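Each remark here refers to the structure printed beneath this line.
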Amino acid sequence: MRQDHLITATQLSRDDIEAVLDRAREVADDPDAYADRHAGRVLALCFFEPSTRTRMSFDSAAKRLGIDTIDMGDVDSSSVSKGESLTDTVRVIEGYADALVLRHPSEGAATLAAEHVSVPVVNAGDGAGQHPSQTLLDLHTIRENHGLDDLTIGIMGDLKYGRTVHSLAAALTEFDVNQHFISPESLRLPRSVRFDLHETGAQIREHEELDPVLEELDVLYVTRIQKERFPDENEYHRVAGEYRIDAETLEAASDDLTVMHPLPRVDEIAPDVDETDHATYFEQAHNGVPVRMALLDTLLENAEAAEGMEVGR
Amino acid sequence: MSEHELRVSKIRDGTVIDHVEGGQALNVLAILGIDGSEGFGVSVGMNVPSDRLGRKDIVKVEERELSQSEVDVLSLIAPEATINIVRDFEVVEKNRVTRPDSVTGVLSCPNRNCITNADEPVDTRFDVVADGVRCDYCSTILRADIADHIDV
C-alpha cells in the first residue's frame with residue numbers, strides 16, 4: 001500500500017488491500033516477529049465520540065508493535081470542550097505523536113485533519129461517512145473464510161448512515177463480488193455511495209426483504225438500525241423487528257454462510273445465532289488487532305520511507 | 001434583440017454576461033462577489049426574450065473584466081452563458097463558459113453534518129462531476145439545487 005493516510009475505502013486499490021491483508025496474515029501467524037518493530041514510536045488516539053472496539057483494538061495493535069499510545073480522553077475533559085477547532089487540535093497533537101487515529105462525529109473530519117498534519121492519519125469513523133480500517137478487518141475476515149472473489153454478499157440494516165457499510169461496499173468493488181443491499185426504503189444507500197458504486201460498474205441489487213436472497217449468499221453482513229434515525233419509536237420497533245435474524249431465519253441459508261456484524265449489536269442478531277457455525281462476528285472483532293497492526297506497520301513504514309527520501313534530497 | 005426592446009444601455013468597458021438562464025442573474029452577481037459596494041456600474045436584465053433560451057438574464061458589469069476562474073464557476077449555474085469582454089464599446093473577446101474540475105469557497109455543503117459546516121477554518125471544495133458537484137470532504141452530491149447553495 002503506497003498511502004500516507006487511510007481516510008476512505010475508495011482510495012484503496014485491490015493491490016493496496018491485498019498488501020495489508022497479506023501482512024495481517026503474517027502478523028496473525030507470527031506475532032512475535034512484529035513485537036517491538038516500532039519501539040519508540042507514539043500513536044495518538046483522538047476519539048471525539050465514544051468507541052470501545054476501535055479504540056481498544058488500535059491501542060492493542062499499537063502496543064503489540066512496541067508503539068506507545070497517548071489518548072486524548074473524552075471530549076468533555078479535553079480542550080475541545082473549550083471550543084478548540086479540530087484543525088487546531090490535530091496540529092497540536094501532531095507534535096506529540098508519529099501517527100493519529102481519529103474518530104469524529106462530522107463527515108469529512110479525517111480529510112480535513114489530513115490536510116493539516118504531516119504524520120499519517122487513520123480515519124476511525126467520520127459521522128455517517130467512512131470507517132476504512134473496519135473495512136480492512138471485514139475483508140480479512142471474509143478472505144480467511146471464503147476468499148475475496150466469486151462471492152455473493154448481502155449487506156443488511158442501516159445502509160444510509162452506516163459508515164462501515166459505505167466503506168465495505170466501496171472496497172468490495174475491487175473484487176469479483178455481487179452485492180445485495182437489504183434495508184427499509186428509508187435507510188437505503190445514500191446517493192454518494194450509489195454514485196461511486198455505479199462509477200465502478202459494480203453489480204448491485206437492492207431489496208427490502210432478506211428472504212428472497214438469503215439462499216444465494218456466502219456472507220451476510222448485518223448492521224444495527226439505530227433508534228435515533230426514526231422520529232417515531234413505534235416505527236423504529238416495527239422496522240428493526242423486520243431486519244432481525246435468528247437461528248431459525250438462517251435455516252434457509254447455505255451451510256457455508258458467514259454472518260458478520262461490526263458490533264455492537266443490540267437485538268438484530270439473536271443470541272441463538274452465536275451457537276451456529278454461521279456466527280463469525282467475534283472472530284471478526286478479534287481480527288481488528290492483526291489487521292490494525294498490519295495497517296499501522298504499513299503507514300509508519302511509508303512515513304519513514306518518505307522521511308528518508310526528504311533527507312536524501 | 002431589437003433596439004426597441006433594448007432595456008439596458010451599452011457599456012464602454014467591462015464584461016457582458018449574456019444567455020444566463022432566466023432568474024439566475026442575482027446568483028451570477030453573488031458568485032462574482034459583486035453587491036454594488038465596489039462602485040462598478042452594474043446593469044441586470046431579467047427574463048428578457050431570447051431565441052435560444054426563451055427567457056434569459058443579462059448582467060453587465062462596467063470597468064471589470066472577468067478572470068477565467070470566475071467564468072468557470074459561472075458555468076455551474078449558467079452553462080449556456082456567453083462572456084463578452086467590452087473595450088471602448090466594442091466586443092473584443094467572446095467566450096463560452098467551460099466547466100471547471102473543482103470549485104473552492106463558492107458553495108456551501110447541504111449536509112449539515114459535514115465538517116465544512118462545523119466551526120472550522122476551511123473553505124468548501126467541490127469536484128465537478130457529470131451532472132453536478134460533489135463535496136470533497138463528505139462526498140455529498142449537489143445537482144439541480146446548486147444555486148441554492150451559493151455562499152460567497
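All values derive from a computational prediction rather than experimental measurement.
When all heavy atoms of A:S106 and B:I115 are compared, the pair lying nearest together is CB-CD1, 3.8 Å. The shortest heavy-atom contact between B:E120 and A:T87 is OE1-OG1, 2.6 Å.
Only the backbone of B:D119 comes within contact range of chain A, with heavy atoms under 4.5 Å apart. In this structure, the portion of A:P105 lying under 4.5 Å from any heavy atom of chain B is its backbone and not its side chain. Heavy atoms closer than 4.5 Å to chain A are found in the backbone of B:D136, but not in its side chain. In this structure, chain A has a heavy atom under 4.5 Å from the side chain of B:R134, while its backbone stays farther away.
Rounded to the nearest 0.5 angstrom, B:S139 OG and A:Q130 CD are separated by 7.0 Å. The distance from atom CD of A:E107 to atom OG1 of B:T116, rounded to the nearest 0.5 Å, is 10.0 Å. Between the SG atom in B:C138 and the CG atom in A:L112 there is a gap of 12.0 Å [rounded to 0.5 Å]. Between atom CD1 of residue B:I141 and atom CG of residue A:D196 there is a gap of 7.0 Å, rounded to the nearest 0.5 Å.
Of the residues considered (A:G83, A:A110, A:A109), A:A109 shows the highest number of contacts with chain B, using heavy-atom pairs under 4.5 Å.
Inter-residue side-chain proximity for B:R125 and A:E115 is flagged as met; some heavy-atom pair is nearer than 4.5 Å.
Applying the 6.0 Å contact sphere to CD of B:E63 captures no more than 12 heavy atoms from other residues, nucleotides or ligands. By the neighbour-count criterion of 12 heavy atoms within 6.0 Å, atom CD of A:Q203 is sparsely surrounded, having that number or fewer from other residues, nucleotides or ligands. When the shell of 6.0 Å around CZ of B:R52 is examined, it contains more than 12 heavy atoms from other residues, nucleotides or ligands. Within 6.0 Å of CG on B:D145 lie more than 12 heavy atoms contributed by other residues, nucleotides or ligands. Around the CG atom of A:D232, the shell of radius 6.0 Å holds more than 12 heavy atoms that belong to other residues, nucleotides or ligands.
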